[in-house]
Amino acid sequence: MSEIKLKSIIKNFGGNSIAVDNLSETFPAGEFVCLLGPSGCGKTTTLRMIAGLETPDSGEIFYGDKTFFSSKTGELIKTENRNLGLMFQSYALWPHMTVYKNIIFGLEMQKKSLEEKEKRYLELEKLFHLENFRDRYPSELSGGQQQRVALARMLAIKPSLLLLDEPLSNLDSNLRLEMRSELKRLHHNLGCTIIFVTHDQMEAMTLATSIAVMNDGKIEQIDKPMEIYNNPKSLFVAKFVGSPQMNIVNSKKDEKLATCLSKKINIEKEKVKNFGIRPETMKMVKQDDGDINGTIETIQPTGADWIVGVNVYGKSLFLISSDPPIGKENDTVGIFFKPEDCHSFDNNDLRIIKN
Amino acid sequence: MFSSNSTSQNTLIVSLKIKLSKLLLQPTFLIGIVLVIILSYLVIAPIVSIFSNSVSLTMMDAMLSGGKDGEFTYKYIDRVFTSSISEKIFWIPLKNSITVSFFATLIALTLGLILASLVTSTNILGRKYLGFLLIIPYMLPSQAMATAWLTMFKNRKISGPQGMLESFGITPPDWLAYGPLPISICMALSYFPFAFLLFSSALSKIDIQLEEVASTFGAKTKAIWSKIILPLLIPTTMSVLLLTVARTLGTFATPYILGTPAKYTLLSTSLYSSVRSNDSGVVAVIAIVLSLIGLMLLLVDIWVVRKWQRFVTVGGKGIKRQPSKLGVFRMPTTIFAWIIFLIAALGPFIVLALSTLMREPGNFAFSNFGLAYWTGVNVPGMDQPGIFTSPEVITALKNSFLIAGSAALICGILGLLIGYAVVRLPGTLISGFLRQISFLPYLMPGLAFAAAYLSLFAVSRGPIPALYGSMSLLILVMVVTYLPYASRSGISAMMQVGPEPEEAGMVLGAGFWRRITTILAPLQKSALIIAIILPFITGMKELSLVVMLVTPGTELLTTQSIRFLDFGYTQLANATILIIGVVVMISVLILNRVTKTNLASGLGG
Ligand SMILES: Nc1ncnc2c1ncn2[C@@H]1O[C@H](COP(=O)(O)OP(=O)(O)OP(=O)(O)O)[C@@H](O)[C@H]1O
Ligand SMILES: [Mg+2]
């Protein structure tokens, strides 16, 4: 088990947009890293470059002491010899091979004996509850079963690095939940390094030991999930993680509200371009009891809690609370926030760290 | 960050090193490059040679009229367009070609449209069977219809056994026996199955909801057809039209068999006689004209398709149109459809078969029937052995299988290889070039292509020996001519599979050849079988492409039947054609069994 290290990776597909833009990052050994980002930000491309299915235009990729690729020295290890596991979004099971054949393919490539193959197959069959499917073809399996076969096929060769490209996106929500815990358990038992691509932040938060948020071919922040959530390094990360989205208050457009916030957290308003407050950190109190007053615009019960839209100086703030709101639409209420839960971002959309 | 103290020479070496190792990683590149080289030679060289032939003096003319061999000259262009014989070798054949193409296309189009509408959308009797039976004429070689016609309507103008009508005491007039009328009808009957298939598939693709919407407005069946369905068929109609015109222009057998006795020449037969008289400059000029017409038709087709693109109805939930009730018209239309089947498919078969079983045409006495033409050692009145004992036929049969078989095999594999290279190297020059160049032969009519190959490979050039008179020349020319179809289906087959199955193998440690043999090949098995059987069928029926390239040792069944006709051995010719028909039909049955697709998807040559 080793860490994976990317250095100044650039990949351009020939258009004017860059798929991966000067990416440098280290993914520590044994971590479960989630690559999280909007569609088209270069997640798949990054994964494919690590797997060797795509060659970077320039940069270096190291895995432990092995150099997968280096445009400095011209070294290049081909996919076949990188010895890693990659799972495709579409599973890419071979339709002309049975479940058994699919799963032992990697072992066959390693010229393992029949007993070894059989032994490993039985282990995997048990691990992924694939009993009775041995001689079926992929088209005769349900989506979830196919996925388990794809996982088993990848794991058969015991790779120490697993790359998973949105492996759960094709599943219904129940199966998804089940597979999530399966993956988590797997990571725990195998102790391998996993890089997992998703654009579902919920998935990232629940699975990852660290999350890398990508935007426009760059990694904006890589940190522990709660750290990403509580201390987003940039406006993009702040907005991308969390649902409902963090409330963003622009100091030009929503000047009155911004002035109030800057006073509360004791920062010069001129330095800040945007303030951010997570919906669940605000509290609704009686009129004039809070830091500021506002009018309730909307109330949306979600079952577990309530999402309340409150208009403050013309700006809609969303609050989320597990208690029923204390007023109804058009009532005036007070809002209370803690200074440590207010984020501020400078003109470059970077987090301002207070001392 | 990069420390940039390395010299620029060093970076160059490093980048070359990466390029090289990528190249070795991806044999696709090598395959692509090899394909580019092979195809450039096989496709571009003949085209270049034909252009140069059209303007350079032949050795013979150089000796006859002075000047140097290979010298630049307008002589052949003059000869074709302005000289005293230009009427005979070009202008009249051109006029005849246009006339015949016009009528043949008109008839084929009308028949195809009417029959497709009847079979797909009405309760005509036997519609289930007609769908298959009506494409049988496609499976017969194009000379089948012509020889059947001749067997039926021949009069005493030409030698050989009597025509069937004549033997009943009716002498068919010349205009019915030979010339434009029978040529147009025979071509129409050979080619209407295309129109039928294309219209049928277009009709089944039209979204039935469009019609349902109209009927909610109270439109009657008649109004739905004239206001909705027929206008939606306009793009298909245009494509069918151009395709049929192109095909009729390139057909050789029909005008050769039915036109020659009346001295009625088309461009294809005129080209053939120029080849026979070794007039390579004139051959080149006429071939260029034919190619230009082909190119023009293709451009018009592209233009029409583009113009009508917004017209194409996407969707169609695959719901079958409810067959509309024909009422009193049910019987007449049923009879009409079955009569067409009788005339175009069953009729020729019966006529050909009967003629080979009757010693004397028209005599239906039981004692007159026999297998002499098939199994006889010496056929009475011809001094020829029967089909099964004739060394010529046996050689031709072997050659046909060998040549069409090898060409089909090479074509199938080459098509998939091209597909692989094109799909796996997207956006590269190689990919674009392969796509374009493998399509080029489509523009050239078979006759023109054959003429080009004839001039190119008559002598040895560079490392390639003179191939004239060898089987490899015939195989080569077939491969190149069928390449557009093969590469197109190869590309679409590869597109369907996508890169992922192979990449999954790569990740699990399978090298290139392993991936090809254990993943790609099994996945493409049925595509490969189709890619081989379709050119095989076309190759078995091929005449125009090979007729000027065969030599006594390399006769094919199709050319052998023409030889028999030339000598007046009509029955032997008919028997040979029947053999071709049977082989082709067996192949089609195999094809249907292997794949569930119908012929429409692969109708190429
Ligand atoms: N083979 C390719 N050719 C050209 N452009 C490509 C190719 N693959 C990816 N791109 C482009 O590179 C960018 C990054 O693509 P990538 O597939 O890595 O996005 P992603 O983050 O995986 O998105 P998604 O969440 O939608 O899967 C996109 O703008 C995409 O259009
Ligand atoms: Mg992706």
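Chain identifiers are assigned alphabetically (A, B, ...) following the order of the sequence lines, protein sequences preceding nucleic acid strands; residue numbering begins at 1 within each chain.
Heavy-atom distances place both the backbone and the side chain of A:Leu84 under 4.5 Å from chain B. For a residue to count as touching a neighbouring chain, one of its non-hydrogen atoms must lie under 4.5 Å from one of that chain's; by this rule A:Arg48 touches chain B with the side chain only. Heavy atoms of A:Phe69 lying under 4.5 Å from chain B belong exclusively to its side chain. Heavy atoms closer than 4.5 Å to chain B are found in the side chain of A:Met97, but not in its backbone.
Interface remark: of the candidates B:Gly498, B:Pro501, B:Pro522, B:Pro501 forms the most heavy-atom pairs closer than 4.5 Å to chain A. Taking A:Leu86, A:Asn83, A:Leu107, A:Asn81 one by one and counting their heavy-atom pairs under 4.5 Å with chain B, the maximum is reached by A:Leu86. Your options are A:Phe88, A:Phe105, A:Tyr91, A:Phe13, and the one with the most heavy-atom pairs under 4.5 Å with chain B is A:Phe88.
A distance of 9.0 Å separates OG1 of A:Thr46 from CD1 of A:Ile9, quoted to the nearest 0.5 Å. Atom CH2 in A:Trp94 sits 4.5 Å away from atom CD1 in B:Ile519 (nearest 0.5 Å).
Judged by the 6.0 Å distance and 45° axis criteria, A:Arg148 is not positioned over the aromatic ring of A:Phe128.
Under the salt bridge (Lys or Arg N to Asp or Glu O under 4.0 Å) test applied with A:Lys117, the options A:Glu123, A:Glu108, A:Glu125 reduce to a single match, A:Glu108. Among A:Asp135, A:Ile104, A:Leu141, the one residue that satisfies the side chain to side chain contact (heavy atoms under 4.5 Å, CB included) test with A:Val99 is A:Leu141.
When all heavy atoms of B:Gly490 and B:Leu416 are compared, the pair lying nearest together is CA-CD2, 3.9 Å.
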